[in-house]
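See structure below.
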Amino acid sequence: MFTYVSTAFSNSYRKNIEEIIYKAHTHYSELLKISKLDVDDPKYQETRERLSHENMNTYTLTKAAAEQLLCEEAQFFPVCIFRPSIVISTWKEPIPGWIDNLYGPTGLVTGAQAGVVRTFLVDPDVKADIVPASRKEPGNHKRNRT
């Protein structure tokens, strides 16, 4: 079994996202080809410009392309694609609030805790689309033995 952690935003141009694999705007093979070009190559610059207009950002571009790759190349393997929204600090493990970065809302909350960010413009009717991280060390699972 293979589990790929994607993002709920890999198909952000869609109003509703179902539990299916959508055809990516940019096929993963095109990304592999461009990765082999020199940055001074006119084809690289042309493709880069086109991709920047077709996709929200490189994160969602590569997540959608990876989903497409799994759909095409891993047909004979049991694959699960998990699309969480914004991942924040841990709920419990290894300690409550553990995180190894300051991306997204974590950076904002850290700034508020430090007293650097003192005000937020918020809409109280909007729910935060966030998921707490889960961090378990491999082999650190308790087993019930009878």
Side-chain angles (χ1 to χ4, degrees), residues 1-37 39 41-142:
M1 174 75 177
F2 177 77
T3 300
Y4 173 66
V5 180
S6 187
T7 176
F9 307 108
S10 60
N11 297 286
S12 57
Y13 58 92
R14 296 183 174 278
K15 187 170 176 118
N16 295 307
I17 299 172
E18 298 177 44
E19 292 184 8
I20 61 173
I21 305 295
Y22 294 98
K23 183 177 179 187
H25 278 303
T26 306
H27 198 269
Y28 67 89
S29 62
E30 182 176 4
L31 296 179
L32 292 173
K33 286 177 191 170
I34 192 173
S35 72
K36 294 176 180 155
L37 294 175
V39 293
D41 187 320
K43 179 128 175 103
Y44 174 87
Q45 298 298 334
E46 174 188 308
T47 306
R48 184 174 176 229
E49 181 70 23
R50 181 177 52 78
L51 293 178
S52 69
H53 293 292
E54 291 177 3
N55 299 277
M56 181 178 281
N57 57 47
T58 54
Y59 179 71
T60 58
L61 163 70
T62 55
K63 288 293 191 178
E67 287 186 17
Q68 188 76 44
L69 180 143
L70 288 171
C71 182
E72 292 180 20
E73 303 293 336
Q75 296 175 19
F76 303 105
F77 299 100
V79 174
C80 169
I81 296 176
F82 177 54
R83 291 180 181 148
S85 55
I86 300 168
V87 180
I88 58 168
S89 61
T90 60
W91 176 57
K92 275 187 164 179
E93 305 271 340
I95 59 172
W98 179 88
I99 194 161
D100 65 351
N101 65 65
L102 294 177
Y103 304 141
T106 305
L108 194 58
V109 170
T110 301
Q113 290 172 328
V116 176
V117 178
R118 296 178 183 218
T119 59
F120 293 86
L121 179 60
V122 298
D123 182 343
D125 297 324
V126 174
K127 293 185 174 129
D129 194 1
I130 56 178
V131 177
S134 175
R135 182 176 184 265
K136 292 228 180 212
E137 295 296 325
N140 195 18
H141 304 286
K142 293 181 181 178

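Sequence positions, counted from 1, serve as the residue numbers for this chain.
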- prompt: Is any side-chain heavy atom of S85 closer than 4.5 Å to a side-chain heavy atom of F9?
  reply: yes

field: Under the side-chain contact (heavy atoms from CB on, under 4.5 Å) test, residues paired with Q45 that sit two or more places apart
entry: R48

message: Could you check whether any side-chain heavy atom of Y103 comes within less than 4.5 Å of a side-chain heavy atom of I86, counting everything from C-beta outward?
response: no

- prompt: Can you name the closest pair of heavy atoms from Q75 and C71 and give their distance?
  reply: CG-O, 3.3 Å

message: Between T60 and S12 (side chain of the first, backbone of the second, donor and acceptor by atom type, cut-off under 3.5 Å), is there such a pair?
response: no

- prompt: Do any pairs count as a salt bridge (charged side-chain N to carboxylate O under 4.0 Å, His left out) and have a residue in residues 99-126, sequence neighbours left out, and if so which ones?
  reply: none

- line: CD (Q68) and NE2 (H25) are apart, to the nearest 0.5 Å, by 11.5 Å

statement: Those residues at least two apart in sequence (or on a different chain) that pass side-chain hydrogen bond (donor to acceptor under 3.5 Å, both in side chains) with E73 are Y28

- prompt: If you draw a 6.0 Å radius around OH in Y13, do more than 12 non-hydrogen atoms from other residues or ligands fall strictly inside?
  reply: yes

query: Quick one: are F120 and V117 in side-chain contact, heavy atoms under 4.5 Å?
result: yes

statement: With sequence neighbours left out, the residues meeting salt bridge (charged side-chain N to carboxylate O under 4.0 Å, His left out) with R83 are E67

- line: Residues at least two apart in sequence or cross-chain that pass side-chain hydrogen bond (donor to acceptor under 3.5 Å, both in side chains) with T7, listed by chain then number, are none

message: Once salt bridge (charged side-chain N to carboxylate O under 4.0 Å, His left out) is applied, what residue pairs with a partner in residues 12-29 remain, sequence neighbours excluded?
response: none

task: Can you sort out the partners of Y22 under ring-ring contact (aromatic ring centres under 6.0 Å, His included), two or more places apart, ordered by chain and number?
output: none

- request: Measure across A65 and T26 and return the closest heavy-atom pair with its distance rounded to 0.1 Å.
  value: CB-O, 4.0 Å

message: Suppose we screen for side-chain hydrogen bond (donor to acceptor under 3.5 Å, both in side chains). Which residues come up paired with T110, at least two apart in sequence or across chains?
response: none

- request: Of all the heavy-atom pairs spanning A64 and A24, show the shortest one and how long it is.
  value: O-CB, 3.8 Å

- line: I99 and S89 have their tightest heavy-atom pair at CD1-N, 3.7 Å

task: Report the residues that fulfil side-chain hydrogen bond (donor to acceptor under 3.5 Å, both in side chains) with T58, sequence neighbours left out, ordered by chain and then residue number.
output: none

- prompt: What distance separates T106 OG1 from I130 CD1, expressed to the nearest 0.5 Å?
  reply: 8.5 Å

- request: Using side-chain contact (heavy atoms from CB on, under 4.5 Å) as the criterion, list what pairs up with P132, not counting sequence neighbours.
  value: W91

field: Donor + acceptor pair across side chains of E72, H27 (<3.5 Å)
entry: yes

query: Just how far is it from atom CE of M56 to atom CG of L61, taken to the nearest 0.5 Å?
result: 12.0 Å

- line: side-chain contact (heavy atoms from CB on, under 4.5 Å) filter on A74, not counting sequence neighbours, yields L70, F77, V79

field: Minimum side-chain heavy-atom gap V5-I81 below 4.5 Å
entry: no

- request: Check P94 against T90 and note the closest heavy-atom contact, atom names and distance.
  value: CD-CG2, 4.3 Å

field: side-chain contact (heavy atoms from CB on, under 4.5 Å) involving L37 - partner list, sequence neighbours excluded
entry: I34, D41, K43, Y44

